[in-house]
A.B. asks: 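Starting off with a structure, shown below.
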Protein chains: 2
Amino acid sequence: MKDVAVAAGVAQSTVSRALNGVPVTEATRRRVRTIAEELGYQPHPGARALRGAPTMLLGAVVRDIADPFFAGALRALSIEANKRGYSVVLGHARAARDEAVSLTAALKARHCDAMVLLGDLGVDPRLLDELRKVHVRVVALWHGGTPQAAGFPSVGVDNRVGVRAAVAHLAALGHRRIAFVGPGAHGDIRERQAAYENYLSGVGIATPAGYVCHVANSIAGAKQAFAALRALGEPPSAIVAATDLLALGLIHAANEGSVAVPSELSIVGFDDIPLAAAAMPGLTTVRMPVQKIVAAGVALAIGDRAQSNDGPLLDPPHLIFKPRLIVRGSTSRCLDSI
Amino acid sequence: MKDVAVAAGVAQSTVSRALNGVPVTEATRRRVRTIAEELGYQPHPGARALRGAPTMLLGAVVRDIADPFFAGALRALSIEANKRGYSVVLGHARAARDEAVSLTAALKARHCDAMVLLGDLGVDPRLLDELRKVHVRVVALWHGGTPQAAGFPSVGVDNRVGVRAAVAHLAALGHRRIAFVGPGAHGDIRERQAAYENYLSGVGIATPAGYVCHVANSIAGAKQAFAALRALGEPPSAIVAATDLLALGLIHAANEGSVAVPSELSIVGFDDIPLAAAAMPGLTTVRMPVQKIVAAGVALAIGDRAQSNDGPLLDPPHLIFKPRLIVRGSTSRCLDSI
DNA sequence: TTGTAGGCGTTATCAG
DNA sequence: CTGATAACGCCTACAA
């Protein structure tokens, strides 16, 4: 910038003004702009940050980027952030439980204007504590109302409504032996499981031992679950999977085991990832309003700082969006009930 | 830091030294460290950047994060970068062709110590030019030797070896009607197609009109391709898909169309994404050495700066790793050849 | 409208 | 071994 000033024969401050839209003579502005262009001048973000300017960096912490659902969420996040001129910095909670986590988080926190937590990271409270101390806005997405996240604003989905729609759909098709498969550990999933149990007991349908199956959120996990459920004395005629990844794995496992979907076994997923529509048969699932949730999260994280004169908000907002059941081919009338 | 200095009763410079491992009295070091801890002191990265310190940020530009293959690559990249203390900044080439692209790239370039381009971004040369001007290291991964990327160091896979292994495998199974499906536009894919054509003509197997099918790299694209190939007078008995996503789509389409895989139609993919092993049947595919490629790319981007006294290298390295054919259930002996 | 000067938080240099 | 001081690049009062 000094070089530009010299080349243009003006003071540095004038260059700064010309480049930042502060009133300057039109001639000066043009000259400065031209010269800056020629010299390939690039403002130094560090120097700006030093002056208190935002870094325009948004931290995103996600357990596993390769999970199709979170990959989609991350894409939405990136797009939404870019709209507002922000870039996304990736954080891994993968190696969690190590001190590496807090280190990573702290490191990023310094760079970032705000942070978005995607999914229940199953993270130890220390990380949250550190995050609270650092003076950046933290928003939790899909945290499933775990008490850990209580201090942060959050945006999520109405798991209860989603699961009720799924189970009610199965019940309406005549199913009475309905199992649940999900990764056991995370907040959102626990909500889904609770909703499943709550609804069934509400309408007087039993859930025998073994009908709730906790496995890893992966194809392999789904195969385990399938095997376990088929080994039961009275195998289910329908399964509610807590995620589409599990649902797709269950369909595969069923194909492998020569169990016809949906005629012998109905399967409902949750998320509506792109692959869900392409499965054979198409997966009946609960569509997550990813776009809306992410947009709301970003708005909370970096939107109108005007209304929030910083400091931790005493009553952080908790937004809940409603999902919608998408009926495809993986569910059909229960044979027993004909 | 000023506060820490005051609280510890020493000069700022001493605090800096104590915290950075510069020789200080052991007593002083401990005292300063303790107080810094108590006060929750966090070094200001902007100020450090101003002094010429690296930002420890690595830019990653990818066309679509939600593409399973690149999601995996991105995960590997993030892990590799974290190992070296770097964080990854996400870039989108999604809205490409706009000036937004160059803007984004420039923006990030200022923050980042280096940039990694994942896949042939089909990007207009202006972006590359800008990237060249900015004084950051840029490494191209999976760029497929497109001339555009010539000026940058690159790391990729030996597409020729991979495709030859795939096609040779099919030929050995007796297949003579072998089609190719791929997104037409990108460098790596073009290499794969060329290798396909080259190999087949080398062994005297014909590739009738219509046997090369260009579609979008998606499940939907695969379904189009499948339909087009089946509509041919003499449909292929085997298909080489340029990506696993397409291969999986083809399997789905075949299932839907009641074409048995592999007995009526053999399918080979490329990448070996996690879902490939879980498909029904398991996908025979060419395994991409993602880990190695990413590690090499990161090393090139932010590794030993020692040996490179900056300035654009006149002879940038181009690393090529060899893929390996993984045979699963989606390929079998051609019926015609029995 | 433009120039001058000061300071943001760090680290490096130079004295002590 | 430690303290004072300058400098990094940018922005912004304040003065001209």
Side-chain angles (χ1 to χ4, degrees), chain A residues 1-57 85 106-113 134-136 310, chain B residues 1-57 85 106-113 134-136 310:
Chain A
M1 176 151 142
K2 187 156 51 180
D3 303 339
V4 178
V6 173
V10 296
Q12 290 187 30
S13 49
T14 305
V15 177
S16 172
R17 284 190 273 254
L19 262 31
N20 292 345
V22 178
V24 201
T25 312
E26 187 49 34
T28 313
R29 145 166 290 114
R30 259 207 306 277
R31 190 151 44 88
V32 170
R33 288 238 155 115
T34 312
I35 295 186
E37 187 89 8
E38 283 172 5
L39 266 49
Y41 164 77
Q42 296 285 99
H44 188 306
R48 286 190 159 163
L50 198 53
R51 298 278 311 167
T55 59
M56 306 306 276
L57 252 30
L107 188 73
K108 261 182 293 299
R110 289 178 293 128
H111 276 294
C112 297
D113 293 338
V134 185
H135 197 62
V136 299
D310 65 89
Chain B
M1 174 150 138
K2 188 157 50 181
D3 303 338
V4 178
V6 173
V10 295
Q12 285 190 30
S13 46
T14 304
V15 176
S16 172
R17 282 189 276 255
L19 263 29
N20 292 342
V22 180
V24 201
T25 312
E26 188 49 34
T28 312
R29 143 163 294 115
R30 261 204 305 277
R31 191 154 41 89
V32 170
R33 288 238 155 113
T34 312
I35 296 186
E37 188 88 8
E38 283 171 5
L39 266 49
Y41 163 75
Q42 295 286 97
H44 189 305
R48 286 189 159 164
L50 197 53
R51 301 279 312 173
T55 59
M56 304 306 276
L57 253 30
L107 188 72
K108 260 182 295 298
R110 289 178 295 126
H111 275 295
C112 297
D113 293 337
V134 185
H135 198 62
V136 298
D310 66 270

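Atoms considered below: every heavy atom in the structure, side chains included; atoms not considered: hydrogens, waters and symmetry mates.
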A.B. asks: Heavy atoms from C-beta onward define the side chain here; which of dC14(D), dC10(D), dC8(D) lies closest to that of Arg17(A)?
C.D. replies: dC14(D)
A.B. asks: Hey, does the side chain of His111(A) reach the backbone of Met56(B) with a donor-acceptor pair shorter than 3.5 angstrom?
C.D. replies: no
A.B. asks: Roughly, in whole Å, what's the span from CZ in Arg31(A) to C1' in dT1(C)?
C.D. replies: 13 Å
A.B. asks: Classify Thr25(A) by what it touches in the nucleic acid, base, sugar-phosphate, or nothing, heavy-atom distance under 4.0 Å.
C.D. replies: sugar-phosphate
A.B. asks: As a test of reading the structure: which of dT2(C), dT2(D), dA4(D) is closest to the side chain of Ala11(B), going by heavy atoms?
C.D. replies: dA4(D)
A.B. asks: Which comes earlier along DNA chain D counting from the 5' end, the contact point of Thr14(B) or that of Lys2(A), where each point is its nearest nucleotide?
C.D. replies: Thr14(B)
A.B. asks: Report which part of the nucleic acid Val10(B) touches: base, sugar-phosphate, or nothing (heavy-atom distance under 4.0 Å, all strands).
C.D. replies: sugar-phosphate
A.B. asks: Looking for any heavy atom pair under 4.0 Å, which part of the strands does Ser13(B) touch: base, sugar-phosphate only, or nothing?
C.D. replies: base
A.B. asks: Quick check for you: to the nearest 0.5 Å, what is the distance between Arg29(B) atom CZ and Thr14(B) atom OG1?
C.D. replies: 11.5 Å
A.B. asks: Using atom CZ of Arg51(B) as one end and atom C1' of dC8(C) as the other, report the distance to the nearest whole Å.
C.D. replies: 14 Å
A.B. asks: Tell me: CG of Asn20(A) to P of dT12(D), nearest whole Å?
C.D. replies: 7 Å
A.B. asks: Within the 3.5 Å criterion, strictly below it, is a donor on Thr34(A) or Arg30(A) matched to an acceptor on the partner's side chain?
C.D. replies: no
A.B. asks: Picking from dT10(C), dC10(D), dT2(C), which would you name as closest to the side chain of Tyr41(B)?
C.D. replies: dT10(C)
A.B. asks: Give the rounded distance in Å between these two atoms: CG of Asp3(B) and P of dG9(C).
C.D. replies: 9 Å
A.B. asks: Calculate the interatomic distance between His44(B) atom NE2 and dG9(D) atom C1'; express it in whole Å.
C.D. replies: 13 Å
A.B. asks: Leu19(A) CG to dG9(D) P: how many Å, rounded?
C.D. replies: 16 Å
A.B. asks: How many whole angstroms separate atom CZ of Arg30(B) from atom C1' of dC1(D)?
C.D. replies: 16 Å
A.B. asks: Looking at dT2(D), dC10(D), dT2(C), which one has an atom nearest to any side-chain atom of Arg48(A)?
C.D. replies: dC10(D)
A.B. asks: Could you check whether atom CD of Glu26(A) has more than 12 heavy atoms from other residues, nucleotides or ligands sitting under 6.0 Å from it?
C.D. replies: yes
A.B. asks: DNA chain C: Met1(B) or Thr28(A), which has the more 5' nearest nucleotide?
C.D. replies: Thr28(A)
A.B. asks: Would you mind reading off the distance between Gln12(B) atom CD and dG3(D) atom C1', rounded to a whole angstrom?
C.D. replies: 11 Å
A.B. asks: Does Arg17(B) reach the main-chain N or O of Val24(B) with its side chain, forming a donor-acceptor pair under 3.5 Å?
C.D. replies: no
